[in-house]
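Beneath this line is the structure, given in structure tokens, with notes to follow.
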Amino acid sequence: MNYKKKAVLISIIVAIVTVLMLVGVILGIKCLFDDHKKTRINKKDNDVEEKIIKVKTVDENLVKELEKFKEIEELDDLFIELKGNKIFITAEVEKNITMNKCKEIGNESLSYFSKKTLDNYDINYIFENDHDGEEFTIIGYKNSSKEEIDW
């Protein structure tokens, strides 16, 4: 009988140790994943902050240059987006504007940009006329290595 009590006691101790080890392993894995997740989130936040700092310091003049587009009277709606080294300019034009006039506006707008901007950024233009009658969309692209817009 003495051996049976010892065997039961040893079995209970082994079971408790096994359960504690399993709980420890599970908690360890959970902590490992949580730390990895926090590191990943912090890295993303830091990357975003670095990009914001770069945009603010590098492109302060670019923002001023893009403000000049708001002064063009022939543009009804204007949407400008900066993605990396590309500037996307999408504009809805007035009812009576022709495709040739849109090309003129685009070509004249190159004078808004500094040489540094033109050498470092690709510029995409989209002019849309959605009014009744003469509806059209014209797309232009200026590569940073070129001097003019390809329509």
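Just so you know, these numbers come straight off a predicted model, no measurement behind them.
Of the possible polar contacts, one joining the S11 side chain to the A7 backbone as a donor-acceptor pair under 3.5 Å is found. Using a distance-only test at 3.5 Å, with no hydrogens or angles considered, no donor-acceptor pair links the side chain of K116 to the main chain of N120. D122 places a side-chain N or O within donor-acceptor distance of the main-chain N or O of S144, the cut-off being under 3.5 Å. A donor-acceptor pair under 3.5 Å is formed between the side chain of K142 and the backbone N or O of L118.
No side-chain donor-acceptor contact under 3.5 Å links Y125 and T90. For the residue pair S145 and N143, a side-chain donor N or O sits within less than 3.5 Å of a side-chain acceptor on the partner.
Note that OG1 of T137 is 9.5 Å distant from CD of E92, once rounded to the nearest 0.5 Å. Taken from CD in E104 to OG in S109, the straight-line distance is 12.0 Å, to the nearest 0.5 Å. With values rounded to the nearest 0.5 angstrom, I13 atom CD1 is found 4.0 Å from L9 atom CG. A distance of 6.0 Å separates CG of N124 from OH of Y141, quoted to the nearest 0.5 Å. Between the CD atom of E81 and the CD1 atom of I89 there is a distance of 11.5 Å, given to the nearest 0.5 Å. Remark: K101 NZ to E108 CD distance equals 6.0 Å, nearest 0.5 Å.
Taking hydrophobic clusters as Ile, Leu, Val, Met, Phe, Trp and Tyr residues chained together by side-chain heavy-atom distances below 4.5 Å, F79 does not share a cluster with I123. Cluster annotation: I87 and I126 are assigned to distinct hydrophobic clusters (Ile/Leu/Val/Met/Phe/Trp/Tyr, side-chain heavy-atom contacts under 4.5 Å, transitive). Clustering ILVMFWY residues whenever any of their side-chain heavy atoms sit less than 4.5 angstrom apart, transitively, puts L82 in the very cluster that holds I149. By the criterion of side-chain heavy atoms lying less than 4.5 angstrom apart, applied directly or through intervening Ile, Leu, Val, Met, Phe, Trp or Tyr residues, I80 is grouped together with L110 in one hydrophobic cluster.
Closest approach of V93 to F136, counting heavy atoms only: CG2-CZ, 4.4 Å.
When each of I139, I138, N100 is tested with W151 by the rule side chain to side chain contact (heavy atoms under 4.5 Å, CB included), just one qualifies, namely I138.
Y121 has its side chain out of reach of K86: every pair of non-hydrogen atoms, C-beta onward, lies at least 4.5 Å apart.
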